[in-house]
Student: 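Below: one structure in structure tokens.
In what follows, every chain begins at residue 1, and chains take the letters A, B, ... in the order their sequences are listed.
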There are 2 protein chains.
Amino acid sequence: MAAPVTVYGPVISPAVARVAACLLEKDVPFQIEPVDMSKGEHKSPSFLKLQPFGQVPAFKDHLTTVFESRAICRYICDQYADRGNQALFGKKEDGAVGRAAIEQWIESEGQSFNPPSLAIIFQLAFAPMMGRATDLAVVEQNEAKLAKVLDVYDQRLGESQYFAGDDFSLADLVHLPNADFLVNRTNKAGLITERKNLARWWDDVSARPAWKKVTEMQSTPRSS
Amino acid sequence: MAAPVTVYGPVISPAVARVAACLLEKDVPFQIEPVDMSKGEHKSPSFLKLQPFGQVPAFKDHLTTVFESRAICRYICDQYADRGNQALFGKKEDGAVGRAAIEQWIESEGQSFNPPSLAIIFQLAFAPMMGRATDLAVVEQNEAKLAKVLDVYDQRLGESQYFAGDDFSLADLVHLPNADFLVNRTNKAGLITERKNLARWWDDVSARPAWKKVTEMQSTPRSS
């Protein structure tokens, strides 16, 4: 029988991969429904009912639809609080303060890390896949922005094992897709691997079974 | 006696105004601690201990510090669940699904609405205040991006009174600072007022006592 949870979109997309990683950490069964973006399926009327901006992923759990990858991750953790990784969105006993320690780094990822890292990934990994030219000026400009963010991250990860403290959490998870692209699919791995604490963190978080499963799915032509 | 909650930064900053609006909706007493950004106080070692990226606002509640305005808003709602507006971050009985309905639009604001609207506001409102030239090409480029987002918003607000349904929530609140700047401090008000459902929504949400109080604070030379 099909699982009630469906993720719509190609798992090579960082935002789709983010949601898949969260579902795997929470041990929530799901299926991937392919969306052929080269054919514009993400702009079709049926897709726009799931995701009004025409972006991947879309997400459905029974009759509930949610969009925006970080909102979907929060929903999965709240809805499936008792499954899988119990510390992912803060332990119950840590309350609002524990949740806030995670939220501030999820927001840093969305506001400060994602824009420059995604721009670099687009130019150095996606543009070649799509047969487009790489704009090296865009890469250089965003590398300078990203370096400043990563300096703050490296300092933070010198103070605690993970972004929000002693436990791996959504604060770490949301960074995985773009970080993996930078390290494994561009020539900019050094941004992460040449910063001591970030490198130690990356070796740890990228070896988690849930993330390794996502990268296997990304290497399979039709992920499901 | 001083309130335990302190917001650090000038309330004219959209991100500081976002947090102030949330505190006022939740009826949580607070004080504003000025940060003179023209003197670089947001890059001082003591400020960086509160906010490692050197951005406003920083936030403190007793001994807890939180950064990133949207993370701070979530914390305020979780920590002061029983105060003020009880629907702001979802009613308890609506559970994870109700929370997700709000979260997806908070994320849309952070990912899709904020970047182009902030770029326009910077060029048309802040640059003149700072004696800098306005780059009209940047305005035009971001106006095109923002228009696409606002088309989706206008459609959404034709289906429900507020972004997440029947109740004003954080999904609406996070949009207020940039929307107010666009309408009242640039010549781009039409982006909002010429879209029927968005205009109806703006008339409603901008008249809320909490937001009116924030705009009064913004008009006072030293807000506190």
Student: Flag yes if more than 12 heavy atoms outside Gln86(A) fall under 6.0 Å of its CD atom; otherwise flag no.
Tutor: yes
Student: Of the backbone (N, CA, C, O) and the side chain (C-beta and beyond), which part of Thr64(A) lies under 4.5 Å from a heavy atom of chain B, both, or neither?
Tutor: side chain
Student: Nearest 0.5 Å, please: how far is CD in Glu68(A) from CD in Glu109(B)?
Tutor: 10.5 Å
Student: For Gln155(B), is the CD atom crowded, meaning more than 12 foreign heavy atoms sit under 6.0 Å from it?
Tutor: no
Student: Considering residues, nucleotides and ligands other than Arg200(B), do more than 12 of their heavy atoms fall under 6.0 Å from its CZ?
Tutor: yes
Student: Does NZ belonging to Lys43(B) count more than 12 external heavy atoms closer than 6.0 Å?
Tutor: yes
Student: Under 4.5 Å heavy-atom distance to chain A, tell me which part of Thr65(B) shows up: side chain, backbone, both or neither.
Tutor: backbone
Student: To the nearest 0.5 Å, how far apart are CZ in Arg70(B) and CD1 in Ile106(A)?
Tutor: 13.5 Å
Student: Please check if the side chain of Gln104(B) supplies one atom and the backbone of Phe67(A) the other of a donor-acceptor pair under 3.5 Å.
Tutor: yes
Student: Are the side chain of Glu107(B) and the backbone of Ser69(A) linked by a donor-acceptor contact shorter than 3.5 Å?
Tutor: no
Student: Which region of Tyr153(B), side chain (C-beta onward) or backbone (N, CA, C, O), has a non-hydrogen atom less than 4.5 Å from a non-hydrogen atom of chain A, or is it both or neither?
Tutor: side chain
Student: In terms of heavy-atom contacts, does CG of Asp36(A) have more than 12 from other residues, nucleotides or ligands at under 6.0 Å?
Tutor: yes
Student: CG of Asp151(B) to CZ of Phe53(A): how many Å apart, nearest 0.5 Å?
Tutor: 10.5 Å
Student: Where does Asn114(A) contact chain B at under 4.5 Å (heavy atoms): side chain, backbone, both or neither?
Tutor: side chain
Student: Which heavy atom of Tyr75(B) sits nearest to which heavy atom of Ala100(A), and what is that distance?
Tutor: CD1-CB, 3.7 Å
Student: Let me know if Val152(B) has heavy atoms under 4.5 Å from chain A in its side chain, its backbone, both or neither.
Tutor: side chain
Student: Do you know which of Glu103(B), Gln79(B), Arg74(B) has the most heavy-atom pairs under 4.5 Å to chain A?
Tutor: Arg74(B)
Student: I need the residue from Gly110(A), Ala71(A), Pro115(A), Gly95(A) with the largest number of non-hydrogen atom pairs under 4.5 Å to chain B.
Tutor: Ala71(A)
